[in-house]
2 protein chains.
Amino acid sequence: MLRYHRRMATKPYHHGDLRAALLTAAEAELADHGIESFSLRQVAKRAGVSHAAPAHHFGDANGLLTALAAEGFQRFLGAMLAREASAAGARDRAVAAGLGYLDFALSRPTLFRLIFSSRKPDFNKPALFEAGDAAYAHLVALIEDLGGGPPDILALWAMAHGIADLAAGQRLRMMVDMSDAERIEVIRRLLLRVLPG
Amino acid sequence: MLRYHRRMATKPYHHGDLRAALLTAAEAELADHGIESFSLRQVAKRAGVSHAAPAHHFGDANGLLTALAAEGFQRFLGAMLAREASAAGARDRAVAAGLGYLDFALSRPTLFRLIFSSRKPDFNKPALFEAGDAAYAHLVALIEDLGGGPPDILALWAMAHGIADLAAGQRLRMMVDMSDAERIEVIRRLLLRVLPG
DNA sequence: CTCCTATCTTGTCAGTGTCAGGATAGGGTG
DNA sequence: CACCCTATCCTGACACTGACAAGATAGGAG
């Protein structure tokens with residue numbers, strides 16, 4: 001009884017929404033230390049919970065990263081859709097998607113790496129597979145609206161991904177010196193090079 | 001004396017060329033388990049040496065990966081040059097470089113990831129910085145031979161890198177079904193889209 | 001032959017992921 | 001209301017990891 005009241009005064013035994021809290025903590029840890037130094041215990045500590053608490057919600061560390069990757073793919077698609085909202089016509093929409101692709105890579109580089117360059121997430125897990133598939137399906141739809149085929153899909157995807165991945169890795173020194181408007185204009189022209197028609 | 005002879009019968013105390021042996025062992029470990037599960041002790045075990053032996057040659061784990069990345073960049077440049085050897089003209093040479101870019105990513109995906117998508121290597125270290133710079137300088141030279149400028153450099157680099165990174169991550173299902181000749185022809189056309197002129 | 005330095009080993013420490021077993025909360029059943 | 005049942009969370013333990021300190025060994029310089 002006494003222990004009960006002392007606990008209630010400080011912190012409840014049951015978190016309430018630990019799963020979501022762990023996901024946000026994991027993303028923060030990922031952004032701070034990178035995927036390669038990712039620590040499950042640090043995530044638990046950041047969420048204010050014991051080191052074994054995540055196991056019940058995600059199984060193991062890869063399970064957490066798999067769930068985070070699935071959520072990341074949704075936000076990745078959201079970043080593209082956000083840019084497309086202010087686009088007129090199929091051609092402009094495809095370009096906007098490419099800009100959204102880059103937006104995501106720049107604003108959340110480690111999440112971008114988790115999604116595209118990590119072996120940790122399990123892509124056989126339905127939640128992640130479907131999230132990734134939805135993003136790809138959207139890309140396909142964009143090209144089909146332009147009357148393009150498989151080679152055009154690959155062209156747009158590779159160009160957008162190449163720019164995004166190099167930018168996420170800070171390999172494009174030439175771009176940090178440019179203003180937002182300049183950068184957008186350069187990327188726009190690059191994407192227009194590879195679009196069909 | 002007795003211990004001495006027993007040692008010589010099995011394994012010498014001094015390795016002879018441990019530094020090189022550790023680099024090859026590290027690359028093998030990297031290919032087997034990926035960067036994110038890379039273990040310095042496993043590398044030492046594979047090289048048949050104690051777990052603290054690498055420290056003397058590379059300082060810490062990141063030091064080993066930095067040295068490996070520098071060597072990787074040289075082989076990366078070598079892969080491009082190998083393709084360019086059988087090319088006629090500046091235009092064909094730029095396309096060949098892109099094919100070599102992909103060759104490297106497909107034959108050594110984890111080394112490719114170490115070079116372009118990892119935080120572990122220290123790019124301030126001269127050996128690595130210069131190796132990476134040499135590869136970039138070669139790319140610049142290829143475009144300048146074509147009379148292109150900075151946007152054209154970015155265009156070729158982003159397209160080649162996008163294809164290579166997606167392929168290294170096994171994201172291009174459409175390409176595994178194709179023959180080598182088909183794949184080369186598709187990539188060639190993609191690269192020609194972004195070259196100037 | 002002696003010493004000196006580079007090289008490699010052994011031993012130890014804190015930190016990590018995962019598993020087993022125990023504690024707690026809250027809801028459903030009698 | 002009393003009971004228990006399940007999901008949730010914690011504590012403790014184990015093997016593994018990277019890093020450091022101190023000792024052992026080899027081979028060359030003097």
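Convention: sequence-line order gives letters A, B, ...; per-chain numbering from 1. Just so it is clear, the model here is predicted, and its values are computed rather than measured.
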Contacts under 3.5 angstrom, residues 169-176 of chain A side chains, donor-acceptor by atom type, not counting sequence neighbours:
residue : atom : partner : partner atom : Å
A:R171  : NH1  : A:G169  : O            : 2.8
A:R171  : NH2  : B:I115  : O            : 2.5

With the threshold set at 4.0 Å, does a side-chain nitrogen-carboxylate oxygen contact exist between A:R183 and A:D177?
no

Between B:R83 and B:D92, is the closest basic N to carboxylate O distance under 4.0 Å?
no

Just to be sure I understand the rule, does A:A53 reach a base, reach only the sugar-phosphate, or reach nothing, if contact means heavy atoms closer than 4.0 Å?
sugar-phosphate

Nucleotides 11-13 of chain C: which of its N/O atoms have a protein N/O under 3.5 Å away?
residue : atom : partner : partner atom : Å
C:dG11  : O6   : B:H51   : NE2          : 2.9

Salt bridge or not for A:R75 and A:E27, using N-O below 4.0 Å?
yes

If the cut-off is 4.0 Å, is A:S39 near the phosphate of C:dG17, judged by side-chain N/O to OP1 or OP2?
yes

Side-chain donor/acceptor pairs under 3.5 Å, residues 151-158 of chain B, sequence neighbours excluded:
residue : atom : partner : partner atom : Å
B:D152  : OD1  : A:R193  : NH1          : 3.2
B:D152  : OD1  : A:R193  : NH2          : 2.8
B:D152  : OD2  : B:G149  : N            : 2.8
B:W157  : NE1  : B:Y101  : OH           : 3.0

Quick check on D:dT11: is either OP1 or OP2 less than 4.0 Å from any side-chain nitrogen or oxygen of A:S50?
no

Residues from residues 55-71 of chain B sitting under 4.0 Å of DNA chain C, heavy atoms only?
B:H56, B:H57

Result block: side-chain N/O donor-acceptor pairs under 3.5 angstrom for residues 53-70 of chain A, not counting sequence neighbours:
residue : atom : partner : partner atom : Å
A:D60   : OD1  : A:G63   : N            : 3.0
A:T66   : OG1  : A:N62   : O            : 2.7
A:T66   : OG1  : A:D122  : N            : 2.9

Give me the bend of the helix from C:dC1-D:dG30 to C:dG30-D:dC1, using the axes of the five pairs at each end, rounded to 10°.
10°

